[in-house]
Visitor: 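Below is one structure. I have some questions about it.
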Amino acid sequence: MKVNTNGRDIEVTIDGFCLEDTLDCGQSFRWEKNKDGSFSGVAYSRVLTISQHGNKLIFKNTSSDEFETLWKVYFDLETDYSHIKSFLCSDKTIKSACSYAGGIRILRQDSWEALCCFIISQNNNIPRIKGIVSRLCENFGKELESGIFSFPDPQDIFDGGIEALDVLRAGFRAGYLYDAARKVLNGEVNLEEIKTMPIEDARTTLMKIKGVGPKVAECALLYGFYRVEAFPVDVWIKRALHYFYADGFPKEYESVGGIAQQYIFHYIRTCEDAIPDEYKKQVRQKKAPPKVPQR
DNA sequence: ACCCAGGCGACGA
DNA sequence: TCGTCGCATGGG
């Protein structure tokens, strides 16, 4: 990685990184693509516009200090992914996933934000998750720039009472979000302590929150606590496990299972011919309810 | 119109 | 402990 300062822009030369895949692979819901191909978003209450041209990233309107202390870390630029990938790619499925979109990195997102976003994600689709998260920020966050809002703290979400969350149109998830805010505020769930807990204890603690089950806990740990051994299993990963790993996911990869999971998830969800169409239907878990003729 | 979404809690067997 | 069902809302 090579870093150049150019006025208020920072130019970074880096290989094996894909901005679009990283921001659009279902790990973060706060980045929007602009007409010119750049992306704008907020992390840790800082606003950024960023674009990629070949192996150059351009961080707009930041400072070298902010780049060093925030964005370099957020985008995980100092981790050697080529090393991790050459290890993981001894598996042929992961190898296919990496040749399809191997430029993905795991973002080091804020713990509270990731927890909330993945509470909202349950039984929901990505465009709608983005909408709810966006309304959450607009209504409860602080305005950082005109029309751009921070992610609200637990207090901001708790203060108006649960009825105030109606504006989110989050359905049954509103109560879950409110319970998360309450338990973080009263110390029942201490996010700072979770950062240093053994992962089993971290899981158990997160699951004290109503609406946080195994899957949401794994997502929070992977994306909000950078626990790359966390392995979220949703319907897509279930399909992958059935189709590619009938004998189980290889133990040797467990220490970086979350990273492997991210490549596989993005691959089978967005690559047309990753797995057969019939197989997708076959594994869909919802079955037709027996139609009982009324009257 | 219809199916389903990066699931979970409640409930019954 | 395990399988099933309802849940709110709206994107495609």
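To find a chain, count down the sequence lines: A is the first, B the second, and so on, and within it residues start at 1.
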Visitor: Given dC8(B), dC7(C), dG6(B), identify the nucleotide with an atom nearest to the side chain of Asn123(A).
Guide: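 Nearest listed nucleotide: dC7(C).
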Visitor: Of the nucleotides dA8(C), dG9(B), dG10(C), which has the atom closest to the Asn125(A) side chain?
Guide: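 Selected nucleotide (nearest to the side chain): dG10(C).
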Visitor: Using a heavy-atom cut-off of under 4.0 Å over every strand shown, decide if Val233(A) touches base, sugar-phosphate, or nothing.
Guide: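 No contact.
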Visitor: Which part of the nucleic acid, if any, lies within reach of Phe29(A) when heavy atoms closer than 4.0 Å are counted: base, sugar-phosphate only, or nothing?
Guide: nothing
Visitor: For dG3(C) and dG6(B), measure between their C1' atoms and round to the nearest Å.
Guide: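 Here dG3(C) and dG6(B) have their C1' atoms 22 Å from each other.
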Visitor: Could you give the CZ-to-C1' distance, from Arg135(A) to dT9(C), as a whole number of Å?
Guide: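 Taking atom C1' of dT9(C) as the reference, CZ of Arg135(A) is at 9 Å.
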Visitor: Stacking between Trp236(A) and dG6(B), defined as ring centres under 5.5 angstrom apart with planes under 30°, is that present or not?
Guide: no
Visitor: What is the distance from CG of Leu206(A) to C1' of dC8(B), rounded to the nearest Å?
Guide: 15 Å
Visitor: Would you say the side chains of Ser38(A) and Asp36(A) form a donor-acceptor pair under 3.5 Å?
Guide: yes
Visitor: Using a heavy-atom cut-off of 4.0 Å across all strands, would you classify Gln261(A) as base, sugar-phosphate, or nothing?
Guide: base
Visitor: Using the P atoms only, state how far dC11(B) lies from dA8(C), rounded to an integer number of Å.
Guide: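 14 Å, rounded to whole Å.
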Visitor: Look at the aromatic rings of Phe67(A) and Phe59(A) and report parallel, tilted or perpendicular, splitting at 30° and 60°.
Guide: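 The arrangement is perpendicular - the two ring planes meet at more than 60°.
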Visitor: What nucleotide among dA8(C), dC8(B), dG6(B) has an atom nearest to a side-chain atom of Arg173(A)?
Guide: dA8(C)
Visitor: How long is the line joining CG of Leu177(A) and C1' of dT9(C), in whole Å?
Guide: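 After rounding, the gap between these two atoms is 15 Å.
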Visitor: Using a 4.0 Å heavy-atom cut-off, does Pro127(A) contact any base of the nucleic acid, only the sugar-phosphate backbone, or nothing at all?
Guide: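 Since only primed, P, OP1 and OP2 atoms lie under 4.0 Å of Pro127(A), the category is sugar-phosphate.
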Visitor: What is the distance from NZ of Lys130(A) to P of dA5(B), rounded to the nearest Å?
Guide: 18 Å
Visitor: Would you mind classifying the nucleic acid contact of Cys117(A) as base, sugar-phosphate or nothing, using non-hydrogen atoms under 4.0 angstrom?
Guide: nothing
Visitor: Does Ile237(A) or Val212(A) map to a spot on DNA chain B nearer the 5' end, using the closest nucleotide for each?
Guide: Ile237(A)
Visitor: Can you classify the ring geometry of Tyr74(A) versus Trp31(A) as parallel (below 30°), tilted (30 to 60°) or perpendicular (above 60°)?
Guide: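 Correct class here is tilted.
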Visitor: Using atom NZ of Lys238(A) as one end and atom P of dG6(B) as the other, report the distance to the nearest whole Å.
Guide: 14 Å
Visitor: Figure out the CD1/C1' separation between Ile119(A) and dG7(B), and round it to whole Å.
Guide: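 So the two atoms are 12 Å apart, to the nearest Å.
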Visitor: Mind checking Ile126(A) for me? I need base, sugar-phosphate or nothing, with any heavy atom below 4.0 Å counting as a touch.
Guide: sugar-phosphate
Visitor: Rounding to an integer number of Å, can you tell me how far Met207(A) CE sits from dG9(B) C1'?
Guide: 11 Å
Visitor: Can you say whether a donor on the side chain of Tyr223(A) sits under 3.5 Å from an acceptor on the base of dG6(B), or the other way round?
Guide: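 For Tyr223(A), whose side chain was compared with the base of dG6(B), there is a donor-acceptor pair (under 3.5 Å).
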Visitor: So which one's nearest nucleotide on DNA chain B is more toward 5', Asn124(A) or Gly211(A)?
Guide: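 Its nucleotide being nearer the 5' end, the pick is Asn124(A).
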Visitor: Using only side-chain N and O atoms of Arg169(A), determine if any of them is under 4.0 Å from OP1 or OP2 of dG10(C).
Guide: yes
Visitor: Evaluate the ring pair (Phe, Tyr, Trp, His ring centres under 6.0 Å) criterion for residues Phe118(A) and Phe29(A): first the C-alpha distance (whole Å), next the side-chain angles of each, then the deciding distance (0.1 Å), finally the verdict.
Guide: CA-CA 10 Å; Phe118(A) 282 95; Phe29(A) 307 98; 5.4 Å; yes
Visitor: Round to the nearest Å and state the distance from Ile129(A) atom CD1 to dA8(C) atom P.
Guide: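 Roughly 18 Å, once rounded to whole Å.
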Visitor: Would you tell me whether Glu66(A) and Tyr44(A) have side-chain atoms, one donor and one acceptor, within less than 3.5 Å of each other?
Guide: no
Visitor: Between dG6(B), dA8(C), dA10(B), which nucleotide has the shortest distance from any of its atoms to the side chain of Arg128(A)?
Guide: dA8(C)
Visitor: Taking only the side-chain heavy atoms of Arg239(A) (C-beta and beyond), determine which of dA5(B), dG9(B), dC8(B) contains the nearest atom.
Guide: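 It is dA5(B).
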Visitor: Any luck finding a side-chain donor-acceptor pair between Asp153(A) and Gln155(A) under 3.5 Å?
Guide: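 Checked: Asp153(A)/Gln155(A) side chains show no N/O donor-acceptor pair below 3.5 Å.
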